[in-house]
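Working notes, structure below.
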Amino acid sequence: QRRANERLEQRVAERTRDLEQLNRRLEQASRTDALTGVANRRHFDERHAGAVQRAIASAGPLGVLLLDLDHFKRINDTLGHPAGDDCLREVARRVAMLLAGQDGGEALLARYGGEEFIALLPDLRPPQAQALAERIRRVIAERPVDSVAGPVAVTASLGLCCRVPRDAADGIAMLREADAAEVHVRIACPPVKHPCFFGIDMSTPEELAAAESTVEQVRARIGADSLAFLDEPVMMQAFSADGATSAAGHCNACFTGRY
């Protein structure tokens, strides 16, 4: 009888371990995008809510970076959905690897829907978040994606919002502002090569005071013909053809564009 009880206890323990492992796998699957392997929108929303509360409590900055693959429908329509899926997986891999190398390891990449990805960037000051956004843009565009249909050139439009959120509602507003910045680059500016501006909300009186001279610098370095007018307060960052910064600053009526 004692041996029988021991065998029964062993089987119960094994079954319990199996169920625990299964539950962990199911929990992981519920937080993961099946195609790309990065976080899904549900998991991002949960992490974002917590990050906003921590940023409020610590008065520390929080960055939200939205990126949208350019002309993704064209890729699907001309090369097929399997090639499009390869592009999504590879972009996710490149960006996730870059974020994994960040200090602290708290950054999170999620698939936000379709060809959109979103990154949560806790504890990064605006200049750091801005530099990281440009590295992400470059790592996406630097080489074609090897797909089932052959090499595919992929670029992305990026929108970045970075500041200390005032409250939970402001944390939600940051998502809308990052999306608006990305839309301005993607729609208002017909793509030629790569985005040369992305919006970033980090306004201070000192930065705003430099608006007029900044706009003139951008016009002189890039040319007004390549710029689209935005009548709202965002920060702009311009990049020359070799990727070096050509002008940066704040303005209440600024420009965004592509080269």
Side chain to side chain, [X] and [Y], heavy atoms closer than 4.5 Å:
X    : Y    : value
D70  : S157 : yes
I140 : L67  : yes
E106 : R47  : yes
L160 : L66  : no
L88  : L35  : yes

Going by side-chain hydrogen bond (donor to acceptor under 3.5 Å, both in side chains), name the residues that satisfy it together with R125, two or more places apart in sequence or in a different chain.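 Partners of R125 by the side-chain hydrogen bond (donor to acceptor under 3.5 Å, both in side chains) criterion come out as none, since no residue qualifies.
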Is there a salt bridge (Lys or Arg N to Asp or Glu O under 4.0 Å) between R42 and D45 once you walk through the steps? CA-CA 5 Å; R42 171 193 168 191; D45 288 342; over 6 Å; no
side-chain contact (heavy atoms from CB on, under 4.5 Å) with [X]: which residues, sequence neighbours excluded?
X    : result
V164 : none
L132 : L98, L99, Q102, L121, L124, R135, I136
D146 : none
A92  : T36, V38, F117

Considering all heavy atoms of both residues, which atom of [X] and which atom of [Y] are nearest to each other, and what is their separation?
X    : Y    : value
V148 : A83  : CG2-N, 3.8 Å
G60  : P165 : O-CD, 4.2 Å
V64  : A178 : O-CB, 3.6 Å
R163 : A173 : NH2-CB, 4.4 Å
G159 : A181 : CA-CB, 3.8 Å
M174 : C161 : O-CB, 3.6 Å

Counterpart residues, salt bridge (charged side-chain N to carboxylate O under 4.0 Å, His left out), relative to [X] (two or more places apart):
X    : result
R93  : E90
D68  : R186
D123 : none
E116 : none

For side chain to side chain contact (heavy atoms under 4.5 Å, CB included), just list the numbers for L120 and L62, CA-CA rounded to whole Å, side-chain angles, deciding distance to a tenth of an Å, and then say yes or no. CA-CA 8 Å; L120 190 63; L62 177 65; 3.8 Å; yes
Under a single-linkage definition using a 4.5 Å side-chain heavy-atom cutoff for Ile, Leu, Val, Met, Phe, Trp and Tyr, are L109 and L65 assigned to the same hydrophobic cluster?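 Linked, L109 and L65 end up in one cluster.
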Under 4.5 Å between side-chain heavy atoms, hopping through other hydrophobics if needed: is there a path connecting I118 to V139?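 I118 does not cluster with V139.
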Is a salt bridge present between R74 and D77, judged by a nitrogen-to-oxygen distance below 4.0 Å? no
Please enumerate all residues that pass ring pair (Phe, Tyr, Trp, His ring centres under 6.0 Å) together with H43, with sequence neighbours excluded.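 H43 satisfies ring pair (Phe, Tyr, Trp, His ring centres under 6.0 Å) with no residue once adjacent residues are dropped.
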Restricting to ring pair (Phe, Tyr, Trp, His ring centres under 6.0 Å), what partner residues turn up for Y112, sequence neighbours left out?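 Per chain and number, Y112 pairs via ring pair (Phe, Tyr, Trp, His ring centres under 6.0 Å) with F44.
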How about N40 and T32: does a side-chain donor come under 3.5 Å of a side-chain acceptor? no
[X] side chain to [Y] main-chain N or O, any donor-acceptor pair under 3.5 Å?
X    : Y    : result
R31  : A39  : no
H48  : G171 : yes
R111 : G114 : yes
R143 : A153 : no

Rounded to the nearest 0.5 Å, the CG atom of L79 sits from the OG atom of S147 at a distance of 6.0 Å
What is the distance from atom OG1 of T155 to atom CZ of R137, rounded to the nearest 0.5 Å?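 It is 9.0 Å, given to the nearest 0.5 Å.
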CA sep, side-chain torsions, deciding dist, call: L69, V91, side chain to side chain contact (heavy atoms under 4.5 Å, CB included): CA-CA 9 Å; L69 302 192; V91 166; 4.0 Å; yes
Keeping to residues at least two apart or across chains, list the side-chain hydrogen bond (donor to acceptor under 3.5 Å, both in side chains) pairs with something in residues 52-61. none
Quick one: do R94 and V145 satisfy side chain to side chain contact (heavy atoms under 4.5 Å, CB included)? Show the steps, please. CA-CA 10 Å; R94 294 181 190 181; V145 171; 4.0 Å; yes
